[in-house]
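Here the structure is laid out as structure tokens; the discussion comes afterwards.
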Amino acid sequence: MNRALEILKERGFVQQCSDLEGLSNLMDEGPITFYIGTDPTGPSLHIGHMVPFFAMRHLRDAGHRGIALLGGGTARIGDPSGKTEMRKLISYEEIDANTERFIDQLDRFIHFDGVNALTANNKDWLSNLNYIEFLRDIGRHFSVNRMLSFESYRMRLETGLSFIEFNYQLLQSYDYLQLYKLHGCRLQIGGDDQWGNIVAGIELIRRVEGAECYGLTFPLVTTSDGKKMGKTEKGALFLDPEITSPYEFFQYFRNVPDSDVERFLLMFTFLPIDECRYLGSLKDKALNEAKERLAWEVTSLIHGEEEANKALSAAKAAFRGEGDASQLPTIEVEISRLDSGIGVLDLFVEAGLAPSKSEARRLVKQSGASVNGRKIENEMQILTSRDLENNALMLRAGKKRVARVVPKS
RNA sequence: GGGGAGAUUCCCGAGUGGUCAAAGGGGGCAGACUGUAAAUCUGUUGGCUGUAGCCUUCGAAGGUUCAAAUCCUUCUCUCCCCA
């Protein structure tokens with residue numbers, strides 16, 4: 001098999017391929033152009049979005065040319081695939097703003113040089129489509145019967161599917177056709193929930209252009225306990241450090257289940273395959289340390305080495321008391337307030353360790369709250385500047401959540 | 001257009017006048033056990049407040065009643081059947 005494909009397969013990226021042999025042969029002949037589409041429907045990319053982009057880097061490094069297609073047009077509609085509810089419509093301004101952020105975040109990871117890595121926006125050809133022409137040229141190639149047989153639509157038939165969403169597949173197929181015509185794109189990669197849409201695009205190109213294109217999907221990444229990958233208690237693991245701090249990001253990977261270490265190393269880092277396998281094969285405590293490596297590598301790829309080091313240091317401070325505590329999540333409190341004293345409950349809420357005073361109270365009652373290593377027994381306790389140690393209060397909620405309070409004059 | 005069913009707390013889903021902040025499950029959080037893992041067990045899970053109390057919540061707005069998630073009216077939305 002083609003070497004680049006081989007790598008993807010070994011690293012666990014391959015779920016389905018429209019024609020693995022054909023694709024392999026094509027890639028052996030020389031560099032190909034491929035694309036991956038993402039709809040800018042949120043304020044930031046999250047880790048789940050990144051799987052195809054890791055693949056993009058592997059392919060690019062093997063000499064192929066990748067296009068990151070931003071769905072500035074399709075985001076106006078919403079893809080029903082894999083969802084059980086209609087996506088709410090987003091304003092055009094919001095979509096454009098999201099698009100810019102997405103490109104920005106991706107550029108740091110992919111580095112679009114305009115030669116081997118480029119971006120495109122389907123808004124360019126979708127926003128002014130002529131309805132009648134579109135139906136004549138594209139719509140006629142789609143069989144409703146066939147579309148209804150797809151799992152993603154069948155599922156939604158139960159709960160309701162609006163006509164515009166139903167059209168999503170046509171638009172995505174049209175994207176592929178456009179990229180084929182404009183850039184000679186021969187391969188579309190994406191998450192496995194995109195399979196139906198990708199195949200539809202391949203068929204469209206075959207009918208309209210008589211050309212053979214390919215599709216390759218990646219497994220939808222879940223943790224081995226069945227949870228969606230990258231879900232934290234607050235939601236997804238975002239790339240934007242304002243939404244998900246590098247420390248949180250680091251901790252997510254630091255706490256991944258044992259059985260996922262190898263898989264995540266293979267997919268979310270560029271460490272050599274052998275090393276990933278070795279690290280993943282470790283047992284007990286040693287495996288626990290492999291998680292640290294995993295967390296550092298991924299954080300470094302997304303946020304840079306410096307942030308990764310800070311996060312690592314903060315984690316060490318929180319759990320082993322040896323790193324740099326100043327890198328932990330920190331809030332500042334007016335020194336005058338500290339002098340007069342603040343109730344523990346309020347402090348925990350302010351530090352973001354509890355969403356409400358009731359929660360904070362519960363935390364204390366269940367003996368999950370501590371300050372500077374001492375358990376809080378009384379929910380009425382008042383903390384003052386006399387409780388500062390090294391000019392800080394170290395708040396802990398449960399075993400894993402930590403926040404530091406420092407005085408501000 | 002006609003007929004029927006439904007909208008409950010983060011999710012699913014009970015609840016048909018007071019004993020309902022609302023069963024049960026899921027998820028979350030905390031504790032025990034550990035390795036910052038998994039599994040398991042226990043507790044907890046609207047808000048504010050000294051465990052007494054007060055406030056907000058059962059699609060929306062009105063109304064009946066001492067008292068409503070539960071009854072009435074109108075509205076919005078969803079699903080199903082017929083045309």
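Chain A is the first sequence line, chain B the second, and so forth, proteins listed ahead of strands; every chain is numbered from 1.
Side-chain contact check for A/Y174 and A/N167: no donor-acceptor pair (N or O, by modelled atom type) lies under 3.5 Å. Residues A/D324 and A/S326 bring a donor and an acceptor atom of their side chains to less than 3.5 Å of each other. Side-chain atoms of A/S281 and A/E262 form no donor-acceptor pair, as typed in the model, at a separation below 3.5 Å. Side-chain atoms of A/S44 and A/D240 include no donor-acceptor pair closer than 3.5 Å. A donor atom on one side chain and an acceptor atom on the other are not found under 3.5 Å apart for A/R396 and A/S370. A donor-acceptor pair shorter than 3.5 Å can be found between the side chains of A/N288 and A/R254.
Closest to the side chain of A/P257, from the set B/U44, B/G35, B/A38, is B/A38. In this structure, the nucleotide among B/A37, B/A30, B/U34 sitting nearest to the side chain of A/R401 is B/A30.
The nearest whole Å value for the distance from the CG atom in A/L395 to the P atom in B/A30 is 14 Å. At whole-Å resolution of the value, CG in A/L363 and C1' in B/G28 are 13 Å apart. When the P atom of B/A30 is taken as reference, atom CD1 of A/I376 falls 16 Å away, rounded to whole Å. Rounded to a whole Å, the CG atom of A/L287 is 13 Å from the P atom of B/G35. The interatomic distance linking A/D284 (CG) with B/A37 (P) rounds to 14 Å, in whole Å. As rounded to whole Å, 13 Å separates atom C1' of B/A37 from atom CG of A/L294.
The salt bridge (charged side-chain N to carboxylate O under 4.0 Å, His left out) test applied to A/R362 returns A/E359, not counting sequence neighbours. With sequence neighbours excluded, the residues that form a salt bridge (charged side-chain N to carboxylate O under 4.0 Å, His left out) with A/E334 are A/K408.
With C1' as the reference atom, B/C20 and B/U16 are 13 Å apart, rounded to whole Å. The gap from the C1' atom of B/U9 to that of B/U44 amounts to 16 Å, rounded to the nearest Å. Nucleotides B/A32 and B/A37 have their P atoms positioned 12 Å apart, rounded to a whole Å. Spacing between B/G13 and B/C80 at atom P, rounded to whole Å, works out to 16 Å. Comparing the C1' positions of B/C48 and B/A61 gives a spacing of 28 Å, expressed to the nearest Å. For the P atom pair drawn from B/A83 and B/U73, the interatomic distance equals 29 Å after rounding to whole Å. Nucleotides B/G31 and B/A7 place their P atoms 39 Å apart, quoted to the nearest Å. For the C1' atom pair drawn from B/G3 and B/C71, the interatomic distance equals 24 Å after rounding to whole Å.
Between B/U34 and A/K285, no contact under 4.0 Å exists linking OP1 or OP2 to a side-chain N or O. Applying the 4.0 Å criterion to OP1 and OP2 of B/A37, one finds that A/K400 has a side-chain N or O inside that range.
The nucleotide B/U51 finds no pairing partner, because no Watson-Crick or G-U wobble arrangement with both distances shorter than 3.5 Å includes it. Here B/U78 sits opposite B/A5 as a Watson-Crick or G-U wobble pair (both hydrogen-bonding atom distances under 3.5 Å). The nucleotide B/A68 finds no pairing partner, because no Watson-Crick or G-U wobble arrangement with both distances shorter than 3.5 Å includes it. Both distances falling under 3.5 Å, in either a Watson-Crick or a G-U wobble arrangement, place B/U40 opposite B/A32. Of all nucleotides present, none satisfies the Watson-Crick or G-U wobble test against B/C20 with each distance under 3.5 Å.
Each of A/L338, A/V406, A/V333, A/I331 was compared with A/L393 under the side-chain contact (heavy atoms from CB on, under 4.5 Å) criterion, and only A/L338 meets it.
Heavy atoms of A/Q251 sit under 4.0 angstrom from at least one base atom.
With hydrogens and angles ignored, no donor-acceptor pair closer than 3.5 Å exists between the side chain of A/Q366 and the base of B/G31.
Summary of the strand contacts: A/F319 and A/A369 both lie near RNA chain B, and taking for each the nucleotide with the nearest heavy atom, the more 5' one is attributed to A/A369.
Against the 90° criterion about 0, the sugar-base torsion of B/U57 places it in the anti range.
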Check nucleotides 47-54 of chain B against the protein and report each pair of N or O atoms closer than 3.5 Å, with its distance, or say if there are none.
unit_1, atom_1, unit_2, atom_2, d
B/G47, OP1, A/S356, OG, 3.0
B/G47, OP2, A/R362, NH2, 3.0
B/C48, OP1, A/K357, N, 2.8
B/C48, OP2, A/S358, N, 2.6
B/C48, OP2, A/S358, OG, 2.2
B/U49, OP1, A/K357, NZ, 2.9
B/U49, OP2, A/R361, NH2, 3.3

